[in-house]
Student: 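Okay, handing you the structure first.
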2 protein chains.
Amino acid sequence: MTQVKPMRADARRNYERLLKAAAEAFAEHGEGASLDDIAKRAGVGSGTLYRHFPTRQALLEAAYVGRVEALARRADVIAQERPPGEALWAWLTELTEGMIQVRGLKALLGSAVTDAGSAAATVCGTTLKGAGERLVHAAHAEGALRKDVEPIDVLRLAHGVATASELADDEGACIPRYLSLVTEGLLPTT
Amino acid sequence: MTQVKPMRADARRNYERLLKAAAEAFAEHGEGASLDDIAKRAGVGSGTLYRHFPTRQALLEAAYVGRVEALARRADVIAQERPPGEALWAWLTELTEGMIQVRGLKALLGSAVTDAGSAAATVCGTTLKGAGERLVHAAHAEGALRKDVEPIDVLRLAHGVATASELADDEGACIPRYLSLVTEGLLPTT
DNA sequence: ACAGAACGCGGAGACCTTCTCCGTTTTTGC
DNA sequence: GCAAAAACGGAGAAGGTCTCCGCGTTCTGT
């Protein structure tokens, strides 16, 4: 069901060009990049952009599916290399770092773990949640994660940690620090 | 140093009107409310708005100083009513709830705990950090908070928790939940 | 290979927002 | 009062989003 009907040649061409231009523009100017400008870069009219991608979200998603899928694959690789508890933290670190380093990715993944509207079951959302679920279930089975914590909670908190880290000057150094604070808790180890 | 020179009568009048209109507009449309629209509501020209408040941040700050100061005062009230550890959590709950309930407040307080630019020592930032510091120091003295956690970290994590909660459908219920996850940690109590 | 239908293109333009500039009006100090 | 100083206000430039529809391209059937 990827494509009920094959796309017309010119449509496919433009679609591809737009994706490339979008990736560049988002990397350069963040998620707020001008859409008309992306169309111009791609050498198509703005109508074409809006036909293929009705909303900014849709374009952002399309431009980053690859990365999100890579992140999901990493989850499985890490799961094979390490014990469940460790694997979860390692993956969360990579995920959070990705959200900081790849401009626009945080916004995309944020809306991927939202309930709101809820009609929107996006590809990125599903992919991310799937990966998170596998790691969380394994960690649960191993007793390496509180039982009352759901996969979606973990993903949302990761988003929160990314946001918190972003506020610091050297986000890089803050990520592992804040992530460990969240996993171990703010209370002193008594 | 509140005001080196007394404001001209009309200036003061307009300043006040703008503040009132801004509070309404931000409450109604969130931090993204149209500035020209605020000017219109206040019955002044847009030039006047921009003269008094050069940036959206400045207006947001001016519109919410009152609330932020109230939040800071609450910190001290709570500190008198409860033991340090409890007081800190109680205040963080109120703070986080405020960020969710009062539209635009989260954005304002977010930039208040940023390092970036750093030239900006805003009133709200100072007020908030002051309140946070007092509670954190008390908690430290009592051994109710990890020694390696600084006041600014706590504020940033509160911002992160607010962000994470916002992603859920019933933010209200999520705040205490996520806040307790952060304080107690995701690891199971072994 | 060709015609006609179907589909997609593109960019002008309507509408919105931010922010500046400067002629005009209000206030103030004397 | 009056002149200087201070502040006003709103037109308009710049730049963004998104739609609409006449026109060009591609596909399909014969």
Side-chain angles (χ1 to χ4, degrees), chain A residues 1-63 103-104 107-108 111 117 120, chain B residues 1-63 103-104 107-108 111 117 120:
Chain A
M1 67 145 277
T2 318
Q3 198 64 44
V4 185
K5 209 162 184 188
M7 256 176 160
R8 226 172 76 169
D10 52 351
R12 162 141 241 105
R13 189 169 52 242
N14 287 332
Y15 183 93
E16 231 105 81
R17 281 188 190 171
L18 279 168
L19 235 42
K20 188 156 161 282
E24 281 175 25
F26 285 138
E28 207 165 305
H29 304 111
E31 55 160 334
S34 158
L35 296 184
D36 274 28
D37 182 60
I38 290 177
K40 210 157 284 167
R41 281 195 199 218
V44 308
S46 42
T48 302
L49 185 154
Y50 286 99
R51 194 163 342 93
H52 284 298
F53 310 100
T55 65
R56 178 182 295 276
Q57 271 308 304
L59 180 54
L60 202 52
E61 162 134 5
R103 306 191 62 172
L108 172 60
S111 66
Chain B
M1 68 144 278
T2 319
Q3 197 64 45
V4 185
K5 210 164 183 187
M7 254 175 162
R8 230 174 75 170
D10 53 349
R12 160 141 242 105
R13 189 171 51 245
N14 286 331
Y15 183 92
E16 231 104 80
R17 281 190 191 168
L18 279 168
L19 236 41
K20 187 157 161 281
E24 281 174 25
F26 285 138
E28 206 165 305
H29 303 112
E31 56 159 334
S34 157
L35 296 184
D36 274 29
D37 183 60
I38 290 177
K40 212 158 279 165
R41 280 195 200 218
V44 308
S46 43
T48 301
L49 185 154
Y50 286 100
R51 197 167 335 97
H52 284 298
F53 309 99
T55 65
R56 177 183 296 275
Q57 271 307 304
L59 180 54
L60 201 51
E61 161 135 5
R103 307 190 61 172
L108 172 59
S111 67

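Since the model is a prediction, treat every value here as computed from it, not as a measurement. Chain A is the first sequence line, chain B the second, and so forth, proteins listed ahead of strands; every chain is numbered from 1.
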Student: Whole angstrom is fine here: how far is it from CZ in A/Arg17 over to C1' in C/dC9?
Tutor: 12 Å

Student: Could you measure the distance from the CZ atom of A/Phe53 to the CG atom of A/Leu60? Nearest 0.5 Å is fine.
Tutor: 11.0 Å

Student: Rounded to whole angstroms, how far apart are NZ on A/Lys5 and C1' on D/dC27?
Tutor: 9 Å

Student: Please figure out whether B/Val44 or A/Ala33 has its closest DNA chain D nucleotide nearer the 5' end.
Tutor: B/Val44

Student: Working to the nearest 0.5 angstrom, can you tell me the gap between B/Ile38 CD1 and B/Arg17 CZ?
Tutor: 15.5 Å

Student: Does any N or O in the side chain of B/Arg103 come within less than 3.5 Å of the main-chain N or O of B/Glu31, such that one atom is a donor and the other an acceptor?
Tutor: no

Student: Measure from the side chain of B/Ser46, starting at C-beta and using heavy atoms only, and say which of C/dC9, D/dT19, D/dA11 lies closest.
Tutor: D/dA11

Student: Distance check: side-chain N/O of B/Asn14 vs OP1/OP2 of D/dA7, anything under 4.0 Å?
Tutor: no

Student: Atom pairs under 3.5 Å, N or O on each side, protein against nucleotides 21-24 of chain C: can you list them with distances?
Tutor:
none

Student: According to side-chain hydrogen bond (donor to acceptor under 3.5 Å, both in side chains), does anything in residues 42-60 of chain A pair up with another residue at least two apart or in another chain? List the pairs.
Tutor: A/Gln57-A/Ser111

Student: Measure from CD on B/Glu16 to P on D/dA7 and round the result to the nearest Å.
Tutor: 15 Å

Student: Only counting residues at least two apart or in another chain, list the ones meeting side-chain hydrogen bond (donor to acceptor under 3.5 Å, both in side chains) with B/Asp36.
Tutor: none

Student: If you take all heavy atoms of A/Ala25 and A/Ala33, which pair is closest and at what distance?
Tutor: O-CB, 3.8 Å

Student: Send over the distance from A/Ile38 CD1 to D/dC18 C1', rounded to a whole Å.
Tutor: 14 Å

Student: Take the protein atom CZ of A/Phe53 and the nucleotide atom P of D/dT17, then report the distance between them rounded to whole Å.
Tutor: 15 Å

Student: Sequence neighbours left out, what passes side-chain hydrogen bond (donor to acceptor under 3.5 Å, both in side chains) with B/Arg13? Give chain and number order.
Tutor: none

Student: Tabulate protein N/O versus nucleotide N/O from nucleotides 26-30 of chain C, keeping only pairs under 3.5 Å, one per line.
Tutor:
from: C/dT26; atom 1: O2; to: B/Arg8; atom 2: NH1; distance (Å): 3.4
from: C/dT26; atom 1: O2; to: B/Arg8; atom 2: NH2; distance (Å): 3.0
from: C/dT28; atom 1: OP1; to: B/Ala9; atom 2: N; distance (Å): 3.3

Student: How long is the span from the CG atom in B/Leu49 to the CG atom in B/Leu59, to the nearest 0.5 Å?
Tutor: 5.5 Å

Student: Does B/Asp37 reach a base, just sugar-phosphate, or nothing at all? Heavy atoms under 4.0 Å.
Tutor: nothing

Student: C/dG8, OP1 or OP2 - any side-chain N/O from A/His52 closer than 4.0 Å?
Tutor: no

Student: Between B/Tyr15 (OH) and D/dG9 (P), how many Å, whole number?
Tutor: 17 Å

Student: Send over the distance from A/Leu35 CG to D/dG15 P, rounded to a whole Å.
Tutor: 16 Å

Student: If I take atom CG in residue B/Leu60 and atom C1' in nucleotide C/dT18, what distance separates them, rounded to the nearest angstrom?
Tutor: 16 Å

Student: Quick check for you: to the nearest 0.5 Å, what is the distance between B/Glu16 atom CD and B/Asn14 atom CG?
Tutor: 10.0 Å

Student: In chain order, what residues pass the side-chain hydrogen bond (donor to acceptor under 3.5 Å, both in side chains) check against A/Glu24, with sequence neighbours excluded?
Tutor: A/Arg41

Student: Establish whether the base of C/dC16 is bridged to the side chain of B/Asp36 by a donor-acceptor pair shorter than 3.5 Å.
Tutor: no

Student: From the options D/dC18, C/dC7, C/dC19, select the nucleotide whose nearest atom is closest to the side chain of B/Tyr50.
Tutor: C/dC19

Student: Please determine whether a side-chain nitrogen or oxygen atom of B/Ser34 lies at a distance below 4.0 Å from atom OP1 or OP2 of C/dC16.
Tutor: no

